[in-house]
Protein chains: 2
Amino acid sequence: MSENSYTISQLASEFSITTRTIRFYEEKGLLQPQRKGQQRLYSGADRVRLTLILRGKRIGMSLQESQDIIAMYDPEHGNREQLQQLLGQVEHRKLQLQEQLQDLQHMLAEMDDIQDRCQQALTRALEEEPQL
Amino acid sequence: MSENSYTISQLASEFSITTRTIRFYEEKGLLQPQRKGQQRLYSGADRVRLTLILRGKRIGMSLQESQDIIAMYDPEHGNREQLQQLLGQVEHRKLQLQEQLQDLQHMLAEMDDIQDRCQQALTRALEEEPQL
DNA sequence: GTTAACGTTTACGTTAACGTCAATCTAAAT
DNA sequence: ATTTAGATTGACGTTAACGTAAACGTTAAC
């Protein structure tokens, strides 16, 4: 049942990205797959990292930001100071994400607004249409 | 009471961006301020456009996308076909924004998760700390 | 009247995030 | 043995979104 390893093109097609993109993420230090000889072999954990990167991209994060966030997942934060520093970073990210959420909701509200006014304009246009 | 016009540096400092950035947005067709001689004069409407652009940026939109969205605000959609096409675009944007909202909420939930586990690790670290 | 403070245009530079070859390797199928 | 299908490493190209610097105009203050 341990079929949780993937080739680069499997991941590429699953996430609809190119292999170049995946290798680029590795160049930038976001992924570190194993090697089977010369070939890359991606684990389930690598796959999860990739989903995090792509989710980050969808909400407008840079690769650097995704890398920072991924670093927060790793439980290598032994001593107290490091843990407190991490907590600070997490809190900061949360605040930023919440601001972004506000922006998104504003934008959505305005889309609703446009939609309504557009619907009404359409209704009026149909009422005043003589050729039917 | 008609003090709703701004110089380029007023807007720049208000939004903490450079004048270069504002001129760049004009180059790209996102702003079209009036001119008083050679100088640009920005209206309240221009200011609103700028806030929309910057909000767009914060949620990860390209300038092109912001431009598309700004175009939706203008009520120059006379006939029925154009209105229906606009409605389609609005609907499409809404769906995309909602997906983005999902991504954001996932990310936030995971930040909460990290925060919790980090807190617990810290608590344990403090309990086991001998030098106090 | 000249120096400062702001504005303008023009143009080249920069960074992030890949795209696009080209050359090579390699493993499996015919 | 050799074609074929996927993999690898360079290396250069590209686009978006500005930064940066030079050269010049204008107007308000001293």
Side-chain angles (χ1 to χ4, degrees), chain A residues 3-43 46-47 49-71 96 100 103 107, chain B residues 3 5-43 46-47 49-71 93 96 100 103 107:
Chain A
E3 179 57 34
N4 62 339
S5 80
Y6 316 85
T7 75
I8 194 167
S9 52
Q10 279 172 1
L11 287 184
S13 86
E14 177 179 354
F15 293 104
S16 300
I17 58 183
T18 68
T19 61
R20 171 67 174 109
T21 296
I22 297 181
R23 289 194 199 97
F24 180 72
Y25 293 162
E26 182 177 348
E27 260 184 66
K28 291 291 159 178
L30 294 160
L31 295 172
Q32 294 130 51
Q34 287 182 255
R35 297 279 180 144
K36 178 193 167 192
Q38 182 175 231
Q39 280 187 222
R40 282 162 244 258
L41 248 192
Y42 296 86
S43 67
D46 289 324
R47 211 188 79 111
R49 276 163 176 261
L50 192 47
T51 69
L52 289 178
I53 298 169
L54 297 177
R55 176 186 294 159
K57 283 206 62 181
R58 288 196 300 273
I59 63 177
M61 287 185 171
S62 69
L63 294 183
Q64 181 59 58
E65 287 176 308
S66 286
Q67 190 166 11
D68 295 348
I69 287 185
I70 288 174
Q96 192 190 314
Q100 222 178 321
D103 283 326
M107 195 75 92
Chain B
E3 179 57 33
S5 82
Y6 315 85
T7 76
I8 194 168
S9 51
Q10 279 172 1
L11 287 184
S13 85
E14 177 179 354
F15 292 105
S16 301
I17 58 183
T18 68
T19 60
R20 171 67 173 108
T21 297
I22 298 181
R23 290 194 198 98
F24 179 73
Y25 293 163
E26 182 177 349
E27 259 184 66
K28 292 292 160 177
L30 294 161
L31 295 172
Q32 295 130 50
Q34 287 183 257
R35 296 280 179 145
K36 178 192 167 193
Q38 183 177 228
Q39 283 188 219
R40 282 162 244 257
L41 249 192
Y42 296 86
S43 67
D46 289 325
R47 212 189 78 111
R49 275 162 178 260
L50 192 47
T51 70
L52 290 178
I53 297 168
L54 297 176
R55 176 188 293 159
K57 283 207 63 184
R58 286 196 299 273
I59 62 176
M61 287 185 173
S62 69
L63 293 182
Q64 181 59 58
E65 288 176 308
S66 286
Q67 190 166 14
D68 295 349
I69 288 185
I70 288 175
R93 274 289 160 209
Q96 192 190 313
Q100 224 180 318
D103 283 326
M107 196 75 90

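Values below: every heavy atom of this structure, side chains too, minus hydrogens, waters and symmetry copies. Letters A, B, ... are given to chains in the order of the sequence lines, protein chains preceding strands, and every chain is numbered from 1.
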For A:Gln34, all residues meeting side-chain hydrogen bond (donor to acceptor under 3.5 Å, both in side chains), sequence neighbours excluded: none

Residue closer to the 5' end of DNA chain C, A:Phe24 versus A:Gln39 (nearest nucleotide): A:Phe24

A:Asp46 side chain to A:Ser43 backbone, donor-acceptor under 3.5 Å: yes

Sugar-phosphate, base or nothing in reach of B:Lys36, heavy atoms under 4.0 Å: nothing

For A:Thr21, side-chain hydrogen bond (donor to acceptor under 3.5 Å, both in side chains) partners two or more places apart: A:Thr18

Results of side chain to side chain contact (heavy atoms under 4.5 Å, CB included) for B:Gln39 - residues two or more places apart only: none

Distance in angstrom units between B:Tyr42 OH and C:dC6 C1', rounded: 13 Å

OP1 or OP2 of D:dA7 under 4.0 Å from side-chain N/O of A:Thr7: yes

Side-chain N or O of B:Tyr25 closer than 4.0 Å to phosphate OP1/OP2 of D:dA17: no

Interatomic distance, B:Arg23 CZ vs C:dT8 P [rounded to whole Å]: 5 Å

Partner residues of A:Leu54 under the side chain to side chain contact (heavy atoms under 4.5 Å, CB included) criterion, sequence neighbours left out: A:Phe15, A:Ile17, A:Tyr25, A:Leu50, A:Arg58

Residues which pass side chain to side chain contact (heavy atoms under 4.5 Å, CB included) with A:Ile70, listed by chain and number, not counting sequence neighbours: A:Arg49, A:Leu52, A:Ile53

Close residues, residues 15-22 of chain B, relative to DNA chain D [heavy-atom separation under 4.0 Å]: B:Thr18, B:Arg20, B:Thr21

Contiguous Watson-Crick or G-U pair runs (3 or more, under 3.5 Å) in DNA chain D: C:1-30 with D:1-30

Whole angstrom value for the distance that separates C1' of D:dG6 from CD of A:Gln38: 12 Å

Selection residues 9-20 of chain A - residue pairs positive for salt bridge (Lys or Arg N to Asp or Glu O under 4.0 Å), sequence neighbours left out: A:Glu14-A:Arg47, A:Arg20-A:Glu27

d(CD, B:Glu26; C1', D:dC18) in whole Å: 15 Å

Protein-nucleotide distance (B:Ile53, atom CD1; D:dA16, atom P), rounded to Å: 16 Å

Side chain to side chain contact (heavy atoms under 4.5 Å, CB included) partners of B:Ile59, counting only residues at least two apart: A:Gln100, A:Asp103, A:Leu104, A:Met107, B:Met61, B:Leu97, B:Gln100

Whole angstrom value for the distance that separates P of D:dA5 from CD of A:Gln10: 18 Å

Integer-rounded Å distance: D:dG6 P and A:Leu41 CG: 17 Å

Phosphate OP1/OP2 of C:dC18 contacted by A:Lys57 side-chain N/O (<4.0 Å): yes

Interatomic distance, A:Leu11 CG vs D:dA7 C1' [rounded to whole Å]: 14 Å

Comparing B:Gln64 and A:Ser9 on DNA chain D - which has the more 5′ nearest nucleotide: A:Ser9

Minimum side-chain heavy-atom gap A:Lys57-A:Ser66 below 4.5 Å: no

